[in-house]
Number of protein chains: 2
Amino acid sequence: MSAATIKDVAREAGVSVASVSRALNGGHGVTAETSRRIHEAAQRLHYVPHAAARMLITRRTNTVGALLPDLYGEFFSELIRGIDLAARARGLHLLVSSSHDDADAAAVALRAMQGRVDGLLLMSPHADADFLRQNLPHDLPTVLMNTRPAGSDYCALSVDNDGGARLMVEHLLSLGHRRIAFIQGPPGNRDAGEREHGYREVLASHTPGSPAITLEGDFSEESGYRAGRQVLAMRPRPDAVFAANDMMAIGCMAALREAGICVPEEIAIGGFDDVPMARYVTPSLTTIQVHIAELGSQAMALLGEQIDHPGSVPAGTRRHVGAELVVRASSGAAIA
Amino acid sequence: MSAATIKDVAREAGVSVASVSRALNGGHGVTAETSRRIHEAAQRLHYVPHAAARMLITRRTNTVGALLPDLYGEFFSELIRGIDLAARARGLHLLVSSSHDDADAAAVALRAMQGRVDGLLLMSPHADADFLRQNLPHDLPTVLMNTRPAGSDYCALSVDNDGGARLMVEHLLSLGHRRIAFIQGPPGNRDAGEREHGYREVLASHTPGSPAITLEGDFSEESGYRAGRQVLAMRPRPDAVFAANDMMAIGCMAALREAGICVPEEIAIGGFDDVPMARYVTPSLTTIQVHIAELGSQAMALLGEQIDHPGSVPAGTRRHVGAELVVRASSGAAIA
DNA sequence: CTGAAAGCGCTTACAG
DNA sequence: CTGAAAGCGCTTACAG
């Protein structure tokens, strides 16, 4: 039933397998009449070309692999959807692999992709330059997502953390705030570092009068709460706080509320990420929204270019997906 | 570089390709010394067997396909994670395909899976018995998820809507409520229908004195709100409301609150799904939690059985994943 | 234990 | 336009 091969179709149509192949792949080099007979035979036999055989001979799998740290949660959910839609639009299948606890597991997953995919989308904390050299065939088109090992020249797509942070700081400055504190992310975290970089740059260049004020944090709500307590103790007190992510901003607001400080009247707050909860907290949180689905779809587009036109994308190409300021109540924009 | 084939390894190790194949696939039928030489050669050449060639000859892809309506949102996020983890545990790759707007698109996706997968996990609103007959080769192991077309004998895994509803009604009864109203889901929706069935059964059998009271709804928060308005107008008024899903329960609570009715003191409320918001609303919502990830992992397990031991799973096998009562404030359990 | 050979299902020069 | 044949990279009886 499902075992019909090209031979069966050839016999049924009374032609050679070569003609069947030609007729079914665009129909070049066969008469319309022959093609019709072949298509009818194929239909009758419920013929579906065997994917593996075709892969073997054409060296094309029409499949891309996505190696992700996880599949769960809003971030990955959106990411994979962006990838999936873009892949489908190009007629590519999607092979996913996730949850690699350590570098070894990621390496195994990476090697297992070989021969199954025409290209790779890769997001992994284990993917340093050395890891990639060891486990990636150099001729396999690959796009790194939010992963940029120094010293490797793979294409990479990342969130524009720097640009997003600039938007937020400029927004706060525009509202008249001058003492703007920054709650940092985990030490060594690249996203957090880039956000801090944007924060420092804007303060330094736009208004030399505003010194950078940094507080330690680790992306957790608790660390934001602790930072909020520190803000309360500072003299002079900051008039705005920009947290490297939303959860810390929310924790910080909780600390201020406990102390009877009004947000945004007394202190303005900004976050980063636009998590779903951001619009539900009180006051609703002004933050930076990142288009995660776009991260996926643009990475897929970049990969598609490489697959279709090898060499068309220069090694080491870097692209960013934009971040957008979402003004809500916590920054007090309506009041200013 | 990545082009090393079994021939290259054979030459490098000074043996035949047959020996290479044997050594690399378990090592049966080769001396330890030969095997060692071959493994070394393979390592030196960064040899990775070509997946397509292996698929072609072994008729095994070590891949399962998952056809889903979407990938986005909490439900699918959890589902696909359950599938992914279970697949990985069995050493199977996962090919995903989603967002098929119509039956034709789903059919194309289904056919494209052929030859690429050893089995299929399928969730689709388009999958009626006729559709499956047309587009599924009958010898491809398949498990339906929350999709049970009448007249087909595929294996199916579903959420235990009936059991979950029973738990909720029994919970409300145990708290002393007798006039328990039910807010229905969209007409024709199977999940909603099964929940209503469970509701009716428990009322009928456990306490003949409690009549079923149903209100129309469509799973939306607004429809829950409208049902809440109706509840307010009823005489005698129900002392509990069981909504077929959480969003309607939340809408219903909003209507009661507006009218100054206290939940749970005056009317108890129960929902179904345990959406993330359920714990954040005031009062927090007593509801039925379904283990979505388990739906995925159990479906994968059932599929794995079929792949490994063809015929071991009787046609038409039905299984359920459990639902669990989550008691929060809205049912007033602490008060009773 | 080891190797030569057939064959999985397809595509694509190469002749005719 | 059409077909016979080679070959993609692998596995597996079949001999030795």
Side-chain angles (χ1 to χ4, degrees), chain A residues 1-39 41-42 45-63 111-118 137 139, chain B residues 1-39 41-42 45-63 111-118 137 139:
Chain A
M1 173 136 300
S2 88
T5 76
I6 194 170
K7 273 188 187 167
D8 300 320
V9 179
R11 190 181 321 114
E12 177 87 5
V15 297
S16 72
V17 295
S19 290
V20 174
S21 176
R22 282 189 280 256
L24 263 30
N25 291 315
H28 286 293
V30 281
T31 51
E33 160 61 12
T34 308
S35 180
R36 193 186 52 70
R37 271 221 321 284
I38 291 172
H39 274 99
L45 267 40
H46 290 98
Y47 172 67
V48 178
H50 191 87
R54 184 177 261 173
M55 286 182 204
L56 183 58
I57 193 80
T58 62
R59 323 257 72 190
R60 260 282 222 163
T61 65
N62 289 312
T63 304
R111 288 158 163 275
M113 289 269 183
Q114 284 196 42
R116 301 176 169 274
V117 301
D118 297 332
D139 55 358
Chain B
M1 173 135 299
S2 87
T5 74
I6 194 170
K7 274 189 187 168
D8 300 319
V9 179
R11 191 182 320 113
E12 177 87 4
V15 297
S16 72
V17 295
S19 290
V20 174
S21 176
R22 283 190 278 256
L24 263 31
N25 291 314
H28 286 294
V30 280
T31 51
E33 160 60 12
T34 307
S35 180
R36 194 186 51 70
R37 271 217 325 282
I38 292 172
H39 274 99
L45 268 38
H46 290 98
Y47 172 68
V48 178
H50 191 88
R54 185 176 261 174
M55 287 181 204
L56 184 58
I57 193 79
T58 61
R59 323 257 75 187
R60 259 284 222 163
T61 65
N62 288 310
T63 304
R111 288 159 162 275
M113 289 270 183
Q114 284 195 42
R116 301 176 170 273
V117 301
D118 297 331
D139 56 357

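Each chain gets a letter, A, B and so on, in the order the sequences are listed, and its residues count up from 1.
Taking every heavy atom of both residues into account, A:Y47 and A:L24 meet most closely at CE2-CD2, 3.5 Å. What you find for A:G14 and A:R37 is that their closest heavy atoms are O-NH2, 4.2 Å. When all heavy atoms of B:A52 and A:M55 are compared, the pair lying nearest together is CB-CB, 3.6 Å.
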Measure all distances between protein nitrogen or oxygen atoms and nitrogen or oxygen atoms of nucleotides 12-16 of chain D, and list the pairs falling under 3.5 Å.
unit_1, atom_1, unit_2, atom_2, d
D:dA13, N6, B:R22, NH1, 3.4

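Where B:V30 and B:A53 each meet DNA chain C at their nearest nucleotide, the meeting point lying more 5' is that of B:V30. With DNA chain C read from its 5' end, the first of the two nearest nucleotides for A:Y47 and B:S16 is the one closest to B:S16.
Rounded to a whole Å, the CZ atom of A:R60 is 24 Å from the P atom of C:dG9. In this structure, CD1 of A:I6 is placed 13 Å from C1' of D:dG3, rounded to the nearest angstrom. Spacing between atom CZ of B:R36 and atom P of C:dC1 amounts to 17 Å, rounded to whole angstrom units. Atom CG of A:L56 is separated from atom C1' of D:dC8 by 4 Å (rounded to the nearest Å). The CZ-P distance, from B:R116 to C:dC10, rounds to 13 Å in whole Å. The distance from atom CG of B:L24 to atom P of D:dG9 is 16 Å, rounded to the nearest whole Å. In this structure, CE of B:M55 is placed 19 Å from P of D:dC8, rounded to the nearest angstrom. Look at NZ on B:K7: it is 11 Å from C1' on D:dC10, rounded to the nearest Å.
Annotation: the span from A:D118 atom CG to A:M113 atom CE amounts to 12.5 Å, rounded to 0.5 Å. Atom CG in A:L45 sits 12.0 Å away from atom CD1 in A:I6 (nearest 0.5 Å).
Put simply, A:T34 has no side-chain N or O that comes within less than 4.0 Å of OP1 or OP2 on D:dC1. At D:dG9, one or more side-chain N or O atoms of A:R59 fall inside 4.0 Å of OP1 or OP2 (strictly under the cut-off).
Side chains of A:N25 and A:R54 form a contact here, defined as non-hydrogen atoms less than 4.5 Å apart. Side chains of A:H50 and B:L56 form a contact here, defined as non-hydrogen atoms less than 4.5 Å apart.
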For DNA chain D, the dot-bracket notation using Watson-Crick and G-U wobble pairs below 3.5 Å, [ ] for pseudoknot-type crossings and | for other-strand pairs, is |||.||||||||.|||

Given side chain to side chain contact (heavy atoms under 4.5 Å, CB included), test A:R116 with A:T61 step by step and report yes or no.
CA-CA 6 Å; A:R116 301 176 169 274; A:T61 65; 5.6 Å; no

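Distances from the side chain of B:T5 to the nucleotides C:dT11, D:dG9, D:dG3 place D:dG9 closest.
In terms of the side-chain contact (heavy atoms from CB on, under 4.5 Å) criterion, residue partners of A:S35 (sequence neighbours excluded) are, by chain and number, A:A23, A:V30, A:H39.
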